[in-house]
Amino acid sequence: MTNKQYLVKSLSGLNISEDDIDIVLMKSNLDGEAEADVRGCDEATYRRMSLILKGATQNVSEGGYSISWNMDAVKAYYSALCTELGLDNVLFSRPKIRNKSNVW
């Protein structure tokens with residue numbers, strides 16, 4: 001399996017075009033035809049998630065046909081990827097509880 005095939009299969013649920021996958025590979029300096037580097041591909045997905053999300057942020061409706069995105073599932077996928085790689089979740093951060101007791 002090549003890097004490109006791995007990305008196509010792993011991102012298939014997000015309906016990413018092959019052109020977008022080519023851009024992810026190019027920006028991450030990965031050879032699409034090389035043997036799959038799973039960690040490298042996952043890190044490329046993490047670092048280029050904004051590119052991947054560009055198509056998932058819009059709902060499309062035309063005639064009797066519509067496409068909508070389950071953003072909670074996308075957030076869960078990205079959060080799991082961050083945890084797996086041990087990297088910070090920079091796109092969908094959780095709210096922070098701050099100590100405001102000194103205000104009273």
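These numbers were taken from a predicted model, which means no experiment stands behind them.
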Legend entry - Minimum heavy-atom distance Thr2-Glu33, with the two atoms named: CG2-O, 3.5 Å
Legend entry - Beyond-backbone contact of Lys4 with Asp22, side-chain heavy atoms, under 4.5 angstrom: yes
Legend entry - Gap between atom CG of Leu30 and atom CG of Leu7 - 0.5 Å precision: 7.5 Å
Inset, instruction - Without swapping roles, check the side chain of Arg48 against the backbone of Ser28 for a donor-acceptor pair under 3.5 Å. - result: no
Inset, instruction - Give a yes or no on whether Glu18 atom CD has more than 12 heavy-atom contacts from other residues, nucleotides or ligands under 6.0 Å away. - result: no
Inset, instruction - Identify whether Met26 and Val24 are in the same connected component of the hydrophobic contact network (ILVMFWY, side-chain heavy atoms under 4.5 Å). - result: no
Let me have the donor-acceptor pairs involving side chains of residues 34-46, under 3.5 Å, with sequence neighbours excluded, atom names and distances please.
| from | atom 1 | to | atom 2 | distance (Å) |
| --- | --- | --- | --- | --- |
| Asp37 | OD1 | Gly40 | N | 3.2 |
| Arg39 | NE | Glu43 | OE2 | 2.9 |
| Arg39 | NH2 | Glu43 | OE2 | 3.2 |
| Arg39 | NH2 | Leu85 | O | 3.4 |
| Asp42 | OD1 | Tyr6 | OH | 2.9 |
| Thr45 | OG1 | Cys41 | O | 3.0 |
| Tyr46 | OH | Asp88 | O | 2.5 |

Inset, instruction - Quick one: pull up NZ in Lys75 and CG in Asn89 and give me the separation to the nearest 0.5 Å. - result: 10.0 Å
Inset, instruction - Determine which pairs satisfy ring pair (Phe, Tyr, Trp, His ring centres under 6.0 Å) with at least one residue from residues 8-45, sequence neighbours left out, and list them in order. - result: none
Legend entry - Donor-acceptor pair, side chain of Ser79 and main chain of Ala76, under 3.5 angstrom: no
Inset, instruction - Could you list all the ring pair (Phe, Tyr, Trp, His ring centres under 6.0 Å) pairs where at least one residue sits in residues 9-45, not counting sequence neighbours? - result: none
Inset, instruction - Would you give the length of the straight line joining atom CD1 of Ile21 to atom OG of Ser12, rounded to the nearest 0.5 angstrom? - result: 9.0 Å
